[in-house]
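We number each residue from 1, following the sequence as shown. We count ligands from 1, going down the list as the structure has it; atoms in each ligand are counted the same way.
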Amino acid sequence: MDTSIPIRNPRNGKIDYTITPPTEQQLTDLCGHLRQHQKQWVLGGLQQRIEVLQTWKQAIKADQAELLEALITDTGRKSESILEIDSLISGIDRWCRLAPQLLAPEAERTTAIPFINLQHQSIAYPLVGVISPWNFPLLLSTIDTIPALMAGCAVIVKPSEIAPRFIQPLIKTISTVPLLRDVLAYIEGAAETGANLIQKVDLICFTGSVATGKKVAAAAAKQFIPAFLELGGKDAAIVLESANLEEATSAILWGSVVNNGQSCLSLERVYVAESIFESFVEQLTAKAQRLKLAYPTFEDGQIGPIISASQAEIMATHLEDARYKGAKIHCGGEVELLEGGFWCLPTVLSEVNHSMKIMSEETFGPIMPVMAFSSVEEGIRLANDSIYGLSAAVFAASTEEALAVAADLEAGAISINDAGLTAFIHEGEKNSFKFSGLGGSRMGAAALQRFRRKKALLVKTQSMADPWWFK
Ligand code: NAD
């Protein structure tokens, strides 16, 4: 039986690639192999793991051109694909630099009870599963993988079936690195393979939609394994009356439109103080209109195609719903079909409200609905009126004024007078609020600690009867 899955090219809509999921038996055997070698991965020590990851980095650099070409075909965009490879390389270096301190053995210490000492050990989970989405296919398949490997786990990764061409070139780089190839595996497949994978690992890291995240959480609970869930968002920006409009409009445009709005931390709702609303919309629209589609060539503009055909349909539905309910479109506003690919120019809307899908559901496109508020309290209330709580942004003349608003926002990361800063500040630990996720922080030192269990060794240091024993 042919189980291969056809893959669509986002720039021209052609089916020009296929992937083949492993059979149930192949997956079981692969997981067994990884588990077996994980023991040696730990015994070899941290220095060896650092050296192996550095060797992998060199292999990635050597095969960078092939990896980049596959990633560009997967996503239809170029500069962000280069950024993904650069981020993988710098991510390996960052964890190699940080791990010795984070994984240093703790010295034995005294406790509140004078004759009991405490030693801590931390033990790596043997096999970590990673399931990742299509919007940054390479980056999001490696963001949890590198710290998990560094922590001493073996890792098996199932990237999205929407953008899977990068998998084979990446597997090629892994296969050249002895030791690594026995503890790191990438597999192809869709939902069924992802669901099977959860049955075979000791911990699951999932990045994707809320709908799938809920299924993953339920499956992990059934297996009784930890699940770290990084899910969707509907990030709000609040622009106070005192804000610098020139900077706020530039930051919000970038935060909404970069990677064509296909980013979990895209700004998808903008709330602006009534008194500056008109000038804000005017300036944002003028700047949005300067951006062009990267069509027919990459050099023609900044805006790539919509990667997923079903996401294009969601965007078109949201725009239609907004239009029908009375939204005013200042620029963009159409999902266009050009030679088989779906495209959308940066879109600014006003006269929007929370009855519209474009203000309540994740759109995942370069779309900026802007709504006025009459008091700061109303702005905060509107921003919090969402099932999501991933991140947000606040713009004001003074940091204090912005921070006061940020304190009341129900979101895990808030950029002050800027947008999307969590993508750059790796040490910024954060947890998702509401349906945007569950579990420990993927950013900062906590990211690595997710992959180890702590063991407390409680050592009695004197030969004597404990005061609490039966007399
Ligand atoms: P998705 O949920 O459709 O798919 C994600 C992955 O889950 C894919 O690999 C898919 O094959 C797999 N999958 C599907 N059903 C499964 C099941 N039942 N069991 C196990 N695995 C299954 O998401 P998507 O459309 O690929 O990605 C876009 C979403 O990801 C958006 O909602 C976006 O906001 C979110 N996202 C979140 C973050 C974050 O850090 N919070 C980052 C990037 C993207």
Side-chain angles (χ1 to χ4, degrees), residues 5 7 10 19 21 27 74-75 80 84 87 129-144 156-164 166-167 186-201 204-223 225 227-235 258-268 306-315 361-365 386-392 411-413 420 422-423 426 428 430-443 447:
I5 300 171
I7 309 300
I19 55 170
L27 186 58
D74 269 335
T75 56
E80 293 90 343
E84 283 195 71
S87 299
V130 171
I131 299 176
S132 53
W134 49 262
N135 58 319
F136 286 98
L138 173 70
L139 180 63
L140 292 170
S141 79
T142 53
I143 191 167
D144 296 317
I156 177 163
V157 190
K158 193 214 77 66
S160 167
E161 67 280 18
I162 310 272
F166 79 94
I167 298 173
Y186 268 68
I187 55 170
E188 297 175 333
E192 193 185 340
T193 308
N196 285 341
L197 180 64
I198 300 169
Q199 312 300 315
K200 300 187 192 304
V201 295
I204 189 83
C205 290
F206 172 81
T207 308
S209 63
V210 172
T212 312
K214 286 182 179 175
K215 291 184 198 162
V216 170
K222 216 166 167 191
Q223 287 294 113
I225 59 169
F228 295 100
L229 307 176
E230 302 281 346
L231 310 179
K234 188 78 191 168
D235 287 4
V258 67
N259 199 36
N260 205 5
Q262 303 165 122
S263 162
C264 55
L265 46 74
S266 287
L267 291 173
E268 295 212 359
I306 303 163
I307 298 170
S308 152
S310 56
Q311 199 67 43
E313 208 177 307
I314 293 172
M315 283 169 58
E361 297 176 18
E362 190 177 44
T363 311
F364 228 52
S386 171
I387 62 158
Y388 297 102
L390 193 66
S391 40
T422 38
H426 300 284
K430 66 181 183 91
N431 299 108
S432 300
F433 284 46
K434 305 185 198 171
F435 280 112
S436 285
L438 203 62
S441 174
R442 147 185 287 180
M443 308 300 276

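Under the 4.0 angstrom criterion for non-hydrogen atoms, Arg442 is in contact with ligand 1. At least one heavy atom of Ser132 sits closer than 4.0 Å to an atom of ligand 1. Within the structure, ligand 1 has Phe206 among the residues with a heavy atom less than 4.0 angstrom away. Under the 4.0 angstrom criterion for non-hydrogen atoms, Pro159 is in contact with ligand 1.
Ranking the protein heavy atoms by distance from atom 13 (N) of ligand 1 puts Thr212 CG2, 3.6 Å first. Residue, atom and distance of the protein heavy atom nearest to atom 43 (C) of ligand 1 are Leu140 CD1, 3.3 Å. Residue, atom and distance of the protein heavy atom nearest to atom 10 (C) of ligand 1 are Glu161 OE1, 3.6 Å. With respect to atom 42 (C) of ligand 1, the closest heavy atom belonging to the protein is Cys264 SG, 3.0 Å.
Between Glu362 and ligand 1, at least one pair of N/O atoms sits closer than 3.5 Å. Considering backbone and side-chain N/O atoms, Ser436 never comes within less than 3.5 Å of an N/O atom of ligand 1. Residue contacts with ligand 1: Gly194 is placed with no nitrogen or oxygen under 3.5 Å of a nitrogen or oxygen of the ligand (distance criterion only).
Near Asn135, with a cut-off below 4.0 Å to any heavy atom, the atoms of ligand 1 are 43 (C), 44 (C). For ligand 1, the atoms sitting less than 4.0 Å from at least one non-hydrogen atom of Ala190 are 11 (O), numbered in the order shown with element in parentheses.
With a 4.0 Å heavy-atom cut-off, ligand 1 is reached by no atom of Ala211.
A donor-acceptor pair under 3.5 Å is formed between the side chain of Asp74 and the backbone N or O of Phe166.
Looking at residues two or more places apart in sequence or on another chain, you find a side chain to side chain donor-acceptor pair (under 3.5 Å) between Lys200 and Glu24, Thr28.
The stretch residues 212-223 participates, sequence neighbours left out, in these side chain to side chain donor-acceptor pair (under 3.5 Å) pairs: Ser209-Thr212.
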